[in-house]
Amino acid sequence: MTVAEARIGATVRAEYQMDEQELAFFRENGWMKLEQVFDEVEMQTLSEELDRLIDEWAEESMGWAGDWREEYLDPDERQGTSLIAMHDLQHYSEAFRQMVEDPRLVTPVAQLIGENVELHHTTLHAKPPDRGSPFPMHQDWAFYKHHGGPTEYIDALLHVDDVPSEKGPLQFIKGSHELGALEHIEGEGQAPHLPTDEYHLDDATEVPAAAGDVILMSYHSIHGSDQNRTDEMRRLVRIGYRDPANEQFEGQSLGRDGIMVAGKKRAADTET
Ligand SMILES: O=C(O)CCC(=O)C(=O)O
């Protein structure tokens, strides 16, 4: 084998695979936290680069709109919340482009999706100090609707900052990835979310994490998060990966080809 041959097609690597216990945890819960996928030095680079992207490209809003805010926020808090967001960081930054293709990330994702993995999008959600907006309970499926099952689309959530309980970590309803795609409240003035009388943050498992940790979750897993009540920023980058045969019919990045981070996209898979 030549050196060139050895390098090509080597993104998925045995040494970065999840073990049986981790896979069993994912199958039962619909999410799995991988600790320290990226080390301190790498996270420092990504953190500085993210500060630049926020300065130059991101947009600030009050957070997701909708009637859910009445349930989650006191009247005096409702107008004052803040969320900083942007999409597709890999289009603006080499560091983030390398991160989304990294074998330490792509290997466990491929264990869940299968040998063919397409990058669908990335999204930054930064909750500023003191007033970082909560997120209502939802499935990410509602934002990018695909026909496929729970492991045909996996979101990887990279924690750029430490996220203890007070900073509004992700919270999951255990096993909800098995419920399939659920109807969400959506439309004019309503970011997709699940009915607040049926799905509660209080019923969800909180998953605090450290900078460099990655949470893998099914796009059918029901999750949300509380406000950031600390005096520090809380930044999280979501990386959406899918089986290229999982057809999208609505939502974010519809109709756009993504780079293949593992395996192949076959013409036969994309015929409708
Ligand atoms: O950042 C959060 O707390 C929630 C983000 C989220 O729900 C998502 O990325 O789907």
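Counting starts at 1 for both ligands and their atoms, in listed order.
When ring centroids are compared, His138 and His223 come within the 6.0 Å threshold.
Taking the six-membered ring for Trp and thresholds of 30 and 60 degrees, Trp64 and His125 have ring planes more than 60 degrees apart, a perpendicular arrangement. Using the six-membered ring where Trp is involved, Trp57 and Tyr92 have ring planes that are tilted, between 30° and 60° apart.
Residue-level contacts of ligand 1 at the 4.0 Å heavy-atom threshold are His125, Lys127, Phe135, His138, Asp140, Leu157, Leu170, His223, Ser225, Arg234, Arg238.
Each of Ile215, Asp140, Leu158 was evaluated against Arg238; a single residue qualifies, Asp140, per the side chain to side chain contact (heavy atoms under 4.5 Å, CB included) test.
Every pair tested for ring-ring contact (aromatic ring centres under 6.0 Å, His included) that includes a residue from residues 194-218 fails, sequence neighbours excluded, so the list is empty.
Ion pairing of Glu48 with Arg52 is absent here, as no side-chain N (NZ or NE/NH1/NH2) approaches a carboxylate O to less than 4.0 Å.
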